[in-house]
Amino acid sequence: MSFAYREVVVSGTRDGVEGTSQCINEITDVMVNQMGWVLEDDRRAQAGSSNETLTHKVVFKSNLGESNDQPNWYMTITSGTGSAQRNNFLSFKIHSAYDVGTHDTAATGVETPSTISTLTLPTDSDGNFVLWISGDKDGIALVTNSRSVYGHALVGRSQHFVDNSIEPFGLYINTSTDVNPATLSCRSIAGEPPQAFQNVSEGEILSYPFSTTHEPRMGLGSPEAFFTAMPLMHMTDDASPSIRKGAIGLISGAWSCAPTGAGWVKETVITVSGSPDREYVAFPTTTNGLVIRKS
Amino acid sequence: MSFQYQNFTISGSRDEIEGTSEFVTKAKEFMESAGWVIEDDRRTQAGSATDADTHKIVMKSEGEDDSLSTFYLTIASGVSSVQNSNVVSFMMSTGYDVGTHDVPSSDAKIPANLGGSDFLNTRTSQDYEIWMSGDSEGVVFITRQSPATYASCYIGRCNQFTSIALDPHPLYIVAGNTTLVTKSTSAKVIAGNPPEAAAAVSEGESIGISYTAADQPYTGVHTSVNSIFVATPLVITMDDAAPSIRKGMVGTVRNAWQAAGTTSDMLAEGTLTASGSFGVQIYRAFPVSTVSSLIIRQS
């Protein structure tokens, strides 16, 4: 399928479904019915459990990616962590293989993080919160805003610098309770054979360091208020027990921009003229701001 | 015209021409081969404290595309009155008057005078090595005076982010007179319409992603392919705060990129091969001991 975007207000009160579970329903609808992911394992009928194979979750398959010739990989999203279903956040995991019979990562696969509770995105069980979903079969960007507290998740396959024989996967996954996409704690699946980068010190998402002194365009004739968004670089930098490092590629469907102090209007829509014309949504912070594609 | 690359050694002893003047002559020949036009040849002049009178050449760029605005690059031997003083000085301007041999007051120029901070170390009588890379819109000059002593300068018209209506002259000079410069907080920039000159240090920057030895090169991930480095564009921005704010992204540098430093095990002056939709190109790396290094196109 193709790129899809949705912005929706989620609440248990409005939808008659607990908010975190409803958030999974919204993500599932967009990823399967609009982006083209395959719902490999639908475990939304399960209650919460401390056993990951038994808990309330959905597992998506990348369905050969946007080019339709990439190795499949899998993304698990659970409601809450451990036994605490409906716990005001989603949890994420990526893996190179999945066994729907055992509801677990196949023995031949690698996965990250090692436990589902490591990477979480804040939601709300019964209050209103806003959910943004943007992406395609190569990767998704999720943003939530619950009572003025932002969170974001970037999960996807890097736009590789090397060919598929060297990097068949090149996957990244990171969540944060802000909208700063740059991080020194990105998890990855990279290399051939695929290896998991499980720990916070084993990967990075790097950005161009724009500041309020550079942005926006001003004092150089009209028009003014131009902002620049730049690609994010996915790196691995594991030092121990053996060195595993290198630039993997660019993050799919998300960019970094100037911080709030440069004059961004929060959650503003920006238009990029080119071929084709596109719209993006910006989420500024005091450091790097996140930009996701809207159309 | 098209991309050009040269690497050679010159010296007053070998060529019977003083070494810095020989750089100016070599730069003229190189730039003409890349499509620049000699606008004013003042190599018969002695050195002078007056920019209009000194020993210099002025090259005109009409760009790789006929729709682009003309701009000028002045290369002078020495600084002010001191011709042949182991440096070449650079100036860019949106206009040039060959009759007065000077930049008209109505045009923007960077820096304000030849021999400001934008110069490149050479040698008068001893051997030194030179690399020149570029096309009719942007060039890179690198000199090596001793095995471990480099100087560099990248000059040109940005690959601009905005239309030519907003930035008819997105120009930059970034010089490291004793270093291999990549990121810099003292870039000189011309941008805007009408063109505005950010001619002083602190009014422009060359920005790049910060790599570390911890993330370069590609090692230990694949069982058989190692030592792949990544190089990314350098972004030119204006960031002048006083007396009035003039700021914004201008574009990316031509024919020069930023890569990891020597601490990441890059070979000193190694060549790197890049392949992609542009075909196969060769790049030359000039690593330094810090976290970022300069990469220039060789073919």
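Below, chains carry the letters A, B, ... as their sequence lines are ordered, and counting in each starts from 1. Please read these numbers as outputs of a predicted model, since none were measured by experiment.
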Worked verdict on A:E66 versus A:K137 for salt bridge (charged side-chain N to carboxylate O under 4.0 Å, His left out) = CA-CA 5 Å; A:E66 283 298 297; A:K137 288 195 293 180; 5.2 Å; no

ask   = Do we get A:R293 above A:F3's six-membered ring, with its NZ or CZ under 6.0 Å from the centre and within 45° of the axis?
value = yes

inquiry  = Taking the six-membered ring of A:F169 as reference, does the cationic atom of A:R157 (NZ for Lys, CZ for Arg) lie under 6.0 Å from its centre and within 45° of its axis?
reply    = no

Answer with side chain, backbone, both or neither: which region of [X] has an atom nearer than 4.5 Å to a non-hydrogen atom of chain A?
X      : answer
B:A191 : both
B:T162 : side chain
B:S244 : neither

Less than 4.5 Å to any heavy atom of chain B: does that hold for the side chain of [X], its backbone, both, or neither?
X      : result
A:S242 : neither
A:A239 : neither
A:E192 : both
A:Y208 : both

query = Under 4.5 Å, heavy atom to heavy atom, which residues of residues 198-208 of chain B contact chain A?
reply = B:E205, B:I207, B:G208

Side-chain heavy atoms of [X] within contact of [Y], under 4.5 Å:
X      : Y      : result
B:I245 : B:D240 : no
A:L154 : A:P181 : yes
B:V103 : B:M91  : yes

key: Shortest non-hydrogen contact from B:A197 toward B:K109   = CB-O, 3.4 Å

Give a yes or no on whether the ring-centroid distance for [X] and [Y] is below 6.0 angstrom.
X      : Y      : result
B:F286 : B:W131 : yes
A:W255 : A:Y280 : yes
A:H234 : A:Y172 : yes

Identify which of [options] forms the greatest number of heavy-atom pairs closer than 4.5 Å to chain B.
options                        : result
A:L220, A:D238, A:I243, A:T236 : A:L220
A:R217, A:M230, A:R244         : A:R217
A:L206, A:I248, A:V162, A:D163 : A:L206

key: Step-by-step salt bridge (charged side-chain N to carboxylate O under 4.0 Å, His left out) determination, B:R157 to B:D167   = CA-CA 10 Å; B:R157 173 194 178 89; B:D167 264 331; over 6 Å; no

task = Could you tell me whether the side chain of A:D237 and the main chain of A:G203 form a donor-acceptor pair under 3.5 Å?
result = yes

task = Would you mind telling me which of B:A241, B:G220, B:P195, B:A165 has the largest number of heavy-atom pairs within less than 4.5 Å of chain A?
result = B:G220

message = Below 4.5 Å, heavy-atom pairs only: which of B:T237, B:T219, B:D239 has the largest tally toward chain A?
response = B:T219

